[in-house]
There are 2 protein chains.
Amino acid sequence: MALGSKETSQPPSSDDFALDGEGPLFRQIERAITGMILRGHYKAGDRLPSEADLTTKFGASRQTVNKAITELAKQTLVARNRRAGTVVSARFQETFQLPLPDISEVVLERGDLYEFRILKRDRVVNGESGMTWSAIPKGSALLYLEVLHLANDAPVQLERRLVNLAAVPRIAKETFNDTTPGKWLLAKIPWSSVRHQLRATAADNALAGILGVAVGAACLVVERQTFHLAVPITRVQMTHPGDRFQIDSLFALSGFENAD
Amino acid sequence: MALGSKETSQPPSSDDFALDGEGPLFRQIERAITGMILRGHYKAGDRLPSEADLTTKFGASRQTVNKAITELAKQTLVARNRRAGTVVSARFQETFQLPLPDISEVVLERGDLYEFRILKRDRVVNGESGMTWSAIPKGSALLYLEVLHLANDAPVQLERRLVNLAAVPRIAKETFNDTTPGKWLLAKIPWSSVRHQLRATAADNALAGILGVAVGAACLVVERQTFHLAVPITRVQMTHPGDRFQIDSLFALSGFENAD
DNA sequence: AAGTGGTCTAGACCACACG
DNA sequence: GTGTGGTCTAGACCACTTC
């Protein structure tokens, strides 16, 4: 079971460049090379054969080989350099995909009953009455929404949202009888960039009352700011009771999804 | 400033298929199509021209057009279907890249002084003395490590780690004078899949004492399990004081990074 | 100077899904 | 059937970087 096969590992033999015949050729090549790296035939810092060599070894065109290796480079498994060649990375990926879907889908996915309630809905002026969104000039018209999301009647998320009314005037007439503001915005307004922040906070009195947890209880906060072509669209703070919500993500190198 | 240009948006004219001449052709095509979608010339559910048509409109080869659209499909901006064609997605990406680098780099990046202390180091048997890792058979030999990470002498992370000794026997001799266990493992042992969980917890007495926070303080917990070719390597719980640590991530559609 | 990756084209065959 | 994307090849030119 020992993985410490590095000390005794062999350099890649011609057999290691064998393909398994499953699926597209470029994926087979991807798997073959990933496999050699994972099995220690290529170690961190080692140089892979050039594309021209791989073309011969795999019996594929250069385009196909290039597509495979480009994909490995995107996964940060290798680094590519002109003239110097392709080198196995010393360190693996440090950025991971985390799914942050609409809370309604998380709840429904679990088979629970989903419901939401609009607690507040106010037109506010940026910078006044304690509402400030620094990405937007003071004095701008904003819509403030407070929405409680419930799973089987238990609160799982308090959503506190500011919407830039100059960018999304139509939202003023929307009543949100059928969809949540989050889904409405996602469907109506495209975005070009998104910023996320994750942190933990203790519930204050107001939050504790709304979420039905003890004062001081740990909560997971996801804050999201959405922009469209440099125009701020919406900023939302999603606060979850720490004991009823977590984010879960599984990542596998492509071709090795079933290696668990 | 209003973005509600959808109601008045025009169907794409031939001018919209103009390229800006910057960088590789496939990126120009990518930007051109992304731009048409973001500006509302193509709305959710609309069908893009076929690859053959785009080949003509952009004056590029099919390979090049295909590469551009394949990239858009990976970003979930469009969905591709044989026979039915390429359709603009009704909903945008719901999975985001979050950076989770080694804590030492986060601290050093901020310009703070970084230090770590190994608080505990025990050989344990899985299932005994309160240590259980369900991915591994009971009775397996594990190494338990407790490491405190500090920024400017203030604790920012408590790391509690289990290592599968059968998979990583060499770690038994490692003293971690120079590197943290996390970095050591990353450098020595490759992984093929990783699972992450994020949640908030309240500090209990022990945790509060170690982190130097009040009992009950909110903490952000990142749990990571790493596997290599189906073999569990390590499981680590990284607990951060909620007020001294957060995860931050900015994502932009490629080609629109400067649109903020 | 020469090797390596970056990109592009023209042409081809195939698989799938819809009518 | 037939249109659409999925994939592949052979060949080419170029840019960058190291030798």
Side-chain angles (χ1 to χ4, degrees), chain A residues 12 17-34 36-37 42 45-90 254-255, chain B residues 12 17-34 36-37 42 45-90 254-255:
Chain A
F17 293 91
L19 301 173
D20 55 20
E22 310 245 322
L25 186 50
F26 72 89
R27 291 236 176 274
Q28 295 182 45
I29 295 174
E30 209 181 311
R31 272 196 302 277
I33 297 178
T34 302
M36 285 188 274
I37 293 173
Y42 288 110
D46 288 354
R47 211 184 111 166
L48 294 188
S50 71
E51 290 192 359
D53 289 348
L54 292 173
T55 289
T56 311
K57 289 186 198 268
F58 287 120
S61 77
R62 198 184 144 207
Q63 276 282 7
T64 304
V65 169
N66 179 281
K67 189 167 182 177
I69 304 190
T70 299
E71 186 55 39
L72 298 189
K74 273 190 200 159
Q75 296 186 357
T76 72
L77 208 60
V78 299
R80 314 206 73 187
N81 313 287
R82 294 189 192 191
R83 173 77 200 203
T86 301
V87 176
V88 177
S89 293
S254 71
Chain B
F17 292 92
L19 301 173
D20 55 20
E22 309 244 324
L25 186 51
F26 73 89
R27 292 238 176 271
Q28 295 182 45
I29 296 175
E30 211 182 310
R31 272 197 301 278
I33 298 178
T34 303
M36 285 188 273
I37 293 173
Y42 287 110
D46 288 356
R47 212 184 109 167
L48 294 187
S50 71
E51 290 191 358
D53 290 348
L54 292 173
T55 288
T56 311
K57 289 186 199 266
F58 287 120
S61 78
R62 200 186 141 206
Q63 277 280 10
T64 303
V65 169
N66 177 282
K67 189 167 182 177
I69 305 189
T70 299
E71 187 54 39
L72 298 189
K74 273 191 201 157
Q75 296 187 357
T76 72
L77 209 60
V78 301
R80 314 206 72 186
N81 313 286
R82 294 188 189 189
R83 172 77 201 203
T86 300
V87 177
V88 177
S89 292
S254 71

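In this structure, B:Arg82 atom CZ and C:dC16 atom P are separated by 6 Å, rounded to whole Å. Taking atom CZ of A:Arg80 as the reference point, atom C1' of C:dT7 lies 12 Å away to the nearest angstrom. Atom pair B:Leu19:CG and C:dC8:C1' shows a separation of 14 Å (rounding to whole Å applied).
Closest of all the heavy-atom pairs between B:Ala68 and B:Ile29 is CB-CG2, 3.7 Å. Scanning all heavy atoms of the two residues, the minimum distance from A:Leu19 to A:Phe58 falls at CD2-CD2, 3.5 Å. Scanning both residues, A:Ala60 and A:Leu25, for their nearest heavy atoms gives CB-CD2, 3.7 Å. When every heavy atom of B:Ser89 is checked against every heavy atom of B:Ala79, the shortest pair comes out as OG-N, 3.9 Å. Taking both residues in full, the closest heavy atoms of A:Arg80 and A:Ala73 are given as CG-CB, 3.9 Å, listed atom of the first, atom of the second, then distance.
Taking a 4.0 Å limit (strictly below) on heavy-atom distances, residues 68-77 of chain B does not reach DNA chain D anywhere. Near DNA chain D, meaning a heavy atom under 4.0 Å away, the residues from residues 45-65 of chain A are A:Gly59, A:Ala60, A:Ser61, A:Arg62, A:Gln63, A:Thr64. Less than 4.0 Å separates DNA chain C from no heavy atom of any residue of residues 22-30 of chain A.
In terms of phosphate contacts, B:Thr86 brings no side-chain nitrogen or oxygen within less than 4.0 Å of OP1 or OP2 of D:dT4. The side chain of A:Arg83 contributes no N or O atom lying less than 4.0 Å from OP1 or OP2 of D:dC19.
B:Arg62 meets the salt bridge (Lys or Arg N to Asp or Glu O under 4.0 Å) test with B:Glu51; sequence neighbours excluded. With sequence neighbours excluded, the residues that form a side-chain contact (heavy atoms from CB on, under 4.5 Å) with B:Thr76 are B:Gln93. Qualifying salt bridge (Lys or Arg N to Asp or Glu O under 4.0 Å) partners for A:Glu71, counting only residues two or more places apart in sequence or in other chains: B:Lys74.
Atoms CG and CD1, on A:Leu77 and A:Ile37 in that order, are 4.0 Å from each other to the nearest 0.5 Å.
Counting heavy atoms from C-beta on, the side chains of A:Leu54 and A:Phe17 come closer than 4.5 Å. Side chains of B:Thr86 and B:Asn81 form no contact here, defined as non-hydrogen atoms less than 4.5 Å apart.
Within 4.0 Å (heavy atoms only), A:Asn81 reaches sugar-phosphate atoms of the nucleic acid but no base atom.
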